[in-house]
Amino acid sequence: MLSLEFIRENPDLVRRAVVDKHDAADVDRILALDSARRAKLTEIEVLKAERNAGSKEVGRLMKENREEAEKLKLRMKELGEKVAALEKEFAGTQEELDGLLLRVPNVPDETVPAGAGAEGNVEVRSWGKKPEFGFEPKAHWDLGEKLGILDFPRATKISGHGFIVFKGLGARLERALIAYMLDMAAKAGYTEVAVPYLVNRSSMTGTGQLPKLEEDMYRLKDDELFLIPTAEVPVTNLHAGETLRAEGLPLKYCCHSACFRREAGSYGKDTRGMIRVHQFDKVELVKIVPEEASPAEHEALTADAERVLQSLGLHYRTMLLCRGDLSFAAARCYDIEVWAPGQGRFLEVSSCSNFRDFQARRMGLKYKDGQSKPKFCHTLNGSGTALPRLVIALMETYQQADGSILLPEVIRPYMGGVEKID
RNA sequence: GGAGGGGUGCCCGAGCGGUCGAAGGGGCCGGUUUUGAAAACCGGUAGAGGUUUCGGCCUCUCGCGGGUUCGAAUCCCGCCCCCUCCGCCA
């Protein structure tokens with residue numbers, strides 16, 4: 001979240017961010033509540049100071065002059081009742097303010113281009129080129145079913161629409177890619193973690209999924225737990241409420257997890273195959289850094305994600321998201337989109353975001369460098385990368401005329417030496 | 001799930017209705033001493049918020065939330081977490 005101080009000092013910046021991000025947060029209501037809150041607080045604190053002094057006096061008088069003490073007690077009781085009434089009002093104001101504050105989106109970085117939606121995103125670079133085929137490239141659903149490595153009907157049977165079953169070398173390929181990407185991340189200095197897939201409300205609020213996106217999440221109502229939509233949530237929250245030492249930063253984590261998304265509101269989009277599913281695997285990269293380091297760390301994180309695609313020989317482009325396409329919590333974000341020949345379009349496989357101190361402030365994540373007061377960390381994360389779409393790109397890119405799939409060399413050792421799926 | 005014990009500052013640990021934002025010890029930082037170091041001694045060592053004539057002043061925080069009281073780390077209630085035992089279980 002943004003600090004009240006920041007909103008107070010930059011109301012226009014915040015209003016513009018709200019509009020550009022297609023959000024509905026009420027900045028003026030926040031400003032009004034804030035000033036009302038502070039006025040009330042001052043009033044309360046003056047009375048409390050008086051009561052504290054009076055109560056101390058009572059303690060003293062109890063030994064010398066019981067009668068005086070009783071009189072003072074009575075006055076302090078009145079004062080206390082007044083304080084209680086004011087505090088009740090104050091709590092109401094505070095509660096409304098806190099609720100609104102959690103719904104204010106992050107302000108886009110100055111370097112983020114203007115634009116209302118995906119069409120406003122700017123391609124900053126691309127790698128490789130679209131492969132040529134001497135035949136009509138097939139979609140992964142055709143390839144996968146014929147090869148017996150994807151089973152859509154049975155996935156639907158056991159779970160419903162939007163779920164996928166990998167089988168045989170398909171399942172093996174998923175596992176191989178996960179291991180491969182984790183190994184790459186480890187070499188780049190990320191510490192691997194394995195974390196819970198169910199988290200509490202506080203964690204979901206910490207990274208910014210709540211309160212706004214509750215209906216996008218799977219929730220266990222009996223236990224107040226949520227299925228994670230991304231490992232970003234448990235991993236970033238690992239250090240929630242902590243004050244880290246600056247010497248220990250940056251922290252770099254990589255994590256494989258399943259991700260669960262209800263995809264509410266996206267009905268009708270990408271209904272075929274496994275482009276959009278309710279459950280998928282992903283290797284996530286997360287960084288916790290000092291504030292001055294976050295722009296450079298963001299570039300490095302994006303490069304780490306891109307290297308996965310380069311090493312697999314997959315054509316991709318990197319898009320700098322415009323203000324209108326930026327998510328709630330992000331200040332700046334690169335989407336990496338991989339080319340899927342069978343689809344004839346690019347698919348987003350990674351979103352690399354810099355949240356600055358937006359998440360850290362929500363979760364109370366700070367660092368201390370010895371000199372200055374504790375500051376909020378900057379947090380970043382990016383997929384490195386999401387599995388089903390990576391598998392789609394791989395299958396469709398490396399398909400042969402006979403419908404078999406020739407595996408890129410780097411992944412073969414992870415496949416037990418298998419060179420081709422046929 | 002049941003029974004019991006417990007959560008205090010960077011760490012250990014005392015306090016169990018007022019003089020407690022909190023004894024004592026350790027750590028860390030600074031100083032004295034020393035050729036240097038160690039030891040010894042002295043001093044310092046939380047965060048959030050409000051207000052300010054920028055010298056301060058004030059409020060809140062002893063797991064979290066509520067209650068009792070003139071006054072709560074201390075008493076009461078609820079919740080969370082940790083430990084021990086029992087039950088269940090991959």
Side-chain angles (χ1 to χ4, degrees), chain A residues 1-9 30-102 194-206 210 220-226 234 237-249 258 291 357-377:
Chain A
M1 72 190 152
L2 301 172
S3 73
L4 266 172
E5 196 185 12
F6 180 84
I7 298 175
R8 221 180 282 147
E9 284 166 13
I30 288 171
L31 259 18
L33 286 170
D34 174 46
S35 88
R37 187 192 70 99
R38 279 183 297 152
K40 200 141 286 170
L41 187 58
T42 305
E43 202 182 335
I44 290 171
E45 287 185 352
V46 166
L47 293 180
K48 276 192 172 175
E50 200 183 319
R51 187 192 58 183
N52 287 348
S55 293
K56 225 170 231 184
E57 184 66 15
V58 169
R60 195 132 29 87
L61 283 176
M62 290 296 264
K63 292 173 200 138
E64 310 164 5
N65 189 335
R66 288 295 295 269
E67 203 174 314
E68 277 298 310
E70 288 305 322
K71 271 158 83 182
L72 191 53
K73 262 165 90 163
L74 231 61
R75 268 201 287 143
M76 289 305 115
K77 190 180 172 71
E78 267 173 56
L79 233 171
E81 279 158 8
K82 210 158 147 195
V83 168
L86 283 169
E87 275 187 325
K88 207 171 170 189
E89 283 178 50
F90 176 81
T93 307
Q94 182 75 60
E95 194 181 337
E96 186 185 351
L97 184 60
D98 289 345
L100 291 178
L101 218 45
L102 284 174
V195 297
Y197 292 177
L198 287 163
V199 298
N200 58 27
R201 180 169 288 275
S202 158
S203 295
M204 278 295 189
T205 306
L210 291 180
L220 280 73
K221 289 201 172 68
D222 290 341
D223 300 284
E224 256 314 87
L225 290 171
F226 299 83
N237 276 290
L238 242 26
H239 296 285
E242 298 181 16
T243 300
L244 306 167
R245 299 168 54 154
E247 310 89 81
L249 300 182
E291 64 176 358
D357 62 0
F358 190 83
Q359 296 181 323
R361 176 170 278 111
R362 285 173 166 250
M363 65 176 75
L365 167 55
K366 299 181 182 183
Y367 71 104
K368 204 174 182 174
D369 60 14
Q371 266 88 56
S372 56
K373 298 186 74 174
K375 288 189 269 197
F376 287 106
C377 298

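As a basis for the values below, the full set of heavy atoms in this structure was taken, side chains included, without hydrogen atoms, waters or symmetry mates. So you know, we letter chains A, B, ... as the sequences are listed, proteins then strands, and number each from 1.
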Can you check the [X] [atom1] to [N] [atom2] distance for me, whole Å?
X       : N      : atom1 : atom2 : result
L33(A)  : G50(B) : CG    : C1'   : 17 Å
K48(A)  : G49(B) : NZ    : C1'   : 11 Å
Q94(A)  : G50(B) : CD    : C1'   : 12 Å
L365(A) : G47(B) : CG    : P     : 16 Å
K82(A)  : U59(B) : NZ    : C1'   : 17 Å
E87(A)  : G50(B) : CD    : P     : 16 Å
K366(A) : A46(B) : NZ    : P     : 14 Å
L244(A) : C10(B) : CG    : P     : 14 Å

Could you measure between the two [atom1] atoms, the one in [N] and the one in [M], and give it in whole Å?
N      : M      : atom1 : result
G67(B) : G13(B) : C1'   : 30 Å
G87(B) : A73(B) : P     : 42 Å
U74(B) : U69(B) : C1'   : 13 Å

For [N], what is the paired nucleotide under Watson-Crick or G-U wobble rules, both distances under 3.5 Å?
N      : answer
G49(B) : C58(B)
U74(B) : none
A40(B) : U32(B)
C20(B) : none
C85(B) : G2(B)

| Using a cut-off of 4.0 Å on non-hydrogen atoms, how would the nucleic acid contact of K40(A) be classed: base, sugar-phosphate, or nothing? | nothing

| said: Surrounding CD of E81(A) (heavy atoms of other residues, nucleotides or ligands, distance under 6.0 Å), is the total greater than 12? | reply: yes

| request: Tell me, please, which residues at least two apart from Y367(A) pass ring pair (Phe, Tyr, Trp, His ring centres under 6.0 Å). | output: none

| Rounded to the nearest 0.5 Å, how far does NZ of K366(A) lie from CD of E242(A)? | 13.0 Å

Qualifying residues under side-chain hydrogen bond (donor to acceptor under 3.5 Å, both in side chains), relative to [X], sequence neighbours excluded:
X      : value
E89(A) : K40(A)
E43(A) : none
E78(A) : none
E70(A) : none

| field | Pair listing, side-chain hydrogen bond (donor to acceptor under 3.5 Å, both in side chains) test, anchored in residues 46-55 of chain A, at least two apart | value | K48(A)-E87(A)

| Can you give one letter per nucleotide of nucleotides 70-81 of chain B, going 5' to 3': B for a protein heavy atom under 4.0 Å from the base, S for sugar-phosphate only, - for none? | BS----------

| said: Go nucleotide by nucleotide along RNA chain B from the 5' end; which of D34(A) and P374(A) gets its closest nucleotide reached first? | reply: P374(A)

| field | E57(A) bridged to R60(A) by N-O distance under 4.0 Å | value | yes

Every protein N/O lying under 3.5 Å from an N/O of nucleotides 51-57 of chain B:
none

| said: I'd like to check the side-chain contact (heavy atoms from CB on, under 4.5 Å) partners of D98(A); sequence neighbours left out, ordered by chain and number. | reply: Q94(A)

| Counting just side-chain N and O atoms, does K368(A) come under 4.0 Å of either OP1 or OP2 of C10(B)? | no

